[in-house]
Chemist: 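Quick one: structure below, then a few questions.
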Amino acid sequence: MPSPPGPRRGGGGAVTDDRAGLRAEGDVNLSDRRARWQAASLDAETRAVLEEDARYFFHQALSTPCLNVLRACEGIYIEDLRGRRYMDFHGNFVHQVGFANPMVLAAVAAQIEELSFCTRRYANRTAVALARKLAALAPGDLGKVLFCPTGAGAIGIALQLARAATGRHKTVSMWDSFHGASLDAVSVGGEALFRGGIGPLVPGAEHVPPPDPYRCAWGCRARGGCDLQCAHYIDYVLDKEGDIAAVVAETVRAIPVVPHPAFWRAVREACDRHGTLLILDEIPTALGRTGTMFACEHYDVVPDLLVLGKGLGGGIWPLAAVIGRPSLDVAADRAVGHYTHEKNPVACAAALAALMVIETHGLAPRARELGRRALERLREMQDRHRLIGDVRGLGLLLGVELVRDRSTREPAIEEAEAVMYAALDRGLSFKVTAGSVLTLAPPLIITDSELDRALAILEVSLDEVEARAPRGA
């Protein structure tokens, strides 16, 4: 077994003023190009709001100071103070059913009138109905749930349950991963922007290289293809450590990175051999996004604990959930998941309505078909555009990785940001992830013509940037 390679893009090093390094984690608010875009695009009213935002909110690299100011959102669109509308292919992954979905709004309004809050120690019918629905939808024998307001909180619940069930505290997770911004979540996460410079993290949080077919840390490309070395190394670590409570990972990384079809089956078998639980984080990717209700269904694998969030609240209400095996119901004498809004009936009503929209409108199979068509279009673009190094995705979770040289695969960080702002000028909003990946995640309600228009904007934006960028630079 070879020595483990290090993380591809940072891991736990101290935060510095290296802005290129920071942008390797996402499109941050520190770049000169953002300042130039704002100077050319924002009016006095917008600037005034942004100045107040910056005055009263703590500053952080992925939020305040903010890019722009919104006044409305509906369907697939966000609208700024100047009335400019953008197709939102970012949406923080909350907008599977679109913004301001009428069914979700109606359910929330009705629930507020009936029961707006549920004091702890009391049950309510709406929360029970949501728990029952998630248990019915979940794969395999997953049938017990806990709710909380945030995905990071749900990760924390899953970690506590794993400790209680196994009597162990160590975890194995992936470099470059994201599981939330709380201390326990960034400890199992693998991004330097969140981990660096904050002192000791949660002990026992071990990390391994992620399954990344395009940038394989194990050099599979040189050997002619994936031989699951990344999965075998997890098995190796579980054996050598001997006391790992859980493997914690994103089923499909939201960049996106799509693991080899056999990866999760191999990891599941390794976990079973070593008495280790498998926690799959599908906070951004579940609920139809990848073309199935849950991303793990693509791999025919059932985790021990499945973590949901973001779109679960219907794009309106913050809500996350942990769904687990009944055999893990072992913490009756503890206060796991002790959240003020644990069973908030309004949040649960929003979730039930969102799930109804996803099911009745067939959004998961629609995402699968639209994603297939979009990948075909993007691969055709790859043939025409030298900056595109890789195209990948599942359903309507799509990624276009830009490189300066296809042979060396040097990330085109400056060019990716330039494409993002060029597209924004034309009415398409998306995020840049991992420095040079254009991450495209539209609402699942998008029409064929809207998707075609978005891809056309992307291509024109690539044309513009490539015309200015010298070859190989």
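The first residue of the sequence shown is numbered 1, and numbering continues consecutively from there.
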Chemist: Is it true that H95 and N101 share a donor-acceptor pair across their side chains at a distance under 3.5 Å?
Modeler: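 There is no such pair (donor and acceptor under 3.5 Å, judged by atom type) between the side chains of N101 and H95.
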
Chemist: Looking at F93, does the NZ or CZ of R289 lie under 6.0 angstrom from its six-membered ring centre and within 45 degrees of the ring axis?
Modeler: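 Cation-pi check for R289 and F93: fails.
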
Chemist: What are the two closest non-hydrogen atoms of G309 and L287, and how far apart are they?
Modeler: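 Result for this residue pair: O-CD1, 4.5 Å.
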
Chemist: Any donor-acceptor pair under 3.5 Å linking the side-chain atoms of E250 with those of H179?
Modeler: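 Side-chain D/A pair, H179 to E250: absent.
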
Chemist: When you look at NZ of K144, are more than 12 heavy atoms from neighbouring residues, nucleotides or ligands closer to it than 6.0 Å?
Modeler: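 It does not: K144 NZ has 12 such atoms or fewer within range.
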
Chemist: Does any donor atom in the side chain of T126 or Q111 lie under 3.5 Å from an acceptor atom in the other side chain?
Modeler: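 Looking only at side-chain atoms, Q111 and T126 do form a donor-acceptor pair, the distance falling under 3.5 Å.
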
Chemist: Take L130 and L319 through the side-chain contact (heavy atoms from CB on, under 4.5 Å) test and state the conclusion after the steps.
Modeler: CA-CA 12 Å; L130 178 58; L319 182 64; 3.8 Å; yes

Chemist: Go through I445 and H361 one step at a time and tell me if the side-chain contact (heavy atoms from CB on, under 4.5 Å) criterion holds.
Modeler: CA-CA 9 Å; I445 61 166; H361 292 271; over 6 Å; no

Chemist: For the residue pair F178 and F194, does the interplanar ring angle fall in the parallel (under 30°), tilted (30 to 60°) or perpendicular (over 60°) class?
Modeler: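 Correct class here is tilted.
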
Chemist: With a 6.0 Å cut-off (strictly less than), is the heavy-atom count around CE of M381, excluding the residue itself, greater than 12?
Modeler: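 More than 12 within 6.0 Å, yes.
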
Chemist: Please check: side-chain N/O of R120 versus main-chain N/O of Y339, any donor-acceptor pairing under 3.5 Å?
Modeler: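 Answer holds: yes.
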
Chemist: Would you say T439 and T433 are linked by a side-chain donor-acceptor pair, where the criterion is simply a distance under 3.5 Å?
Modeler: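 On atom types as modelled, these side chains qualify, holding a pair under 3.5 Å.
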
Chemist: Between the side chains of D452 and R373, is the shortest nitrogen-to-carboxylate-oxygen separation below 4.0 Å, so that they form an ion pair?
Modeler: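 Yes, charged N to carboxylate O under 4.0 Å.
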
Chemist: Taking the side chain as every heavy atom from C-beta outward, state whether R195 and H207 have any pair of such atoms under 4.5 Å apart.
Modeler: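 R195 reaches H207 side chain to side chain.
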
Chemist: So do the side chains of L428 and Y86 get within less than 4.5 Å of each other, counting heavy atoms only?
Modeler: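 SC-SC contact between L428 and Y86 ruled out.
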
Chemist: Side chains of S173 and T171: donor-acceptor distance under 3.5 Å anywhere?
Modeler: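 No, T171 and S173 have no side-chain donor paired with an acceptor closer than 3.5 Å.
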
Chemist: Under a 3.5 Å threshold, yes or no: a donor from one side chain and an acceptor from the other, between E282 and T285?
Modeler: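 Note: E282 and T285 side chains miss the donor-acceptor criterion.
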
Chemist: Parallel, tilted or perpendicular, judged at 30° and 60°: which one describes the rings of H341 and F117?
Modeler: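 Geometry flag for F117 against H341: perpendicular rings.
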
Chemist: If you count the non-hydrogen atoms of other residues, nucleotides and ligands that lie under 6.0 Å from CD in E74, is the total more than 12?
Modeler: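 Open.
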
Chemist: Please name the pair of heavy atoms, one in W218 and one in C230, separated by the smallest distance, quoted to 0.1 Å.
Modeler: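 That closest heavy-atom pairing would be NE1-CA, 3.6 Å.
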
Chemist: More than 12 heavy atoms of other residues, nucleotides or ligands under 6.0 Å from CZ of R273: is that the case?
Modeler: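 Buried by this count: over 12 neighbours within 6.0 Å.
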
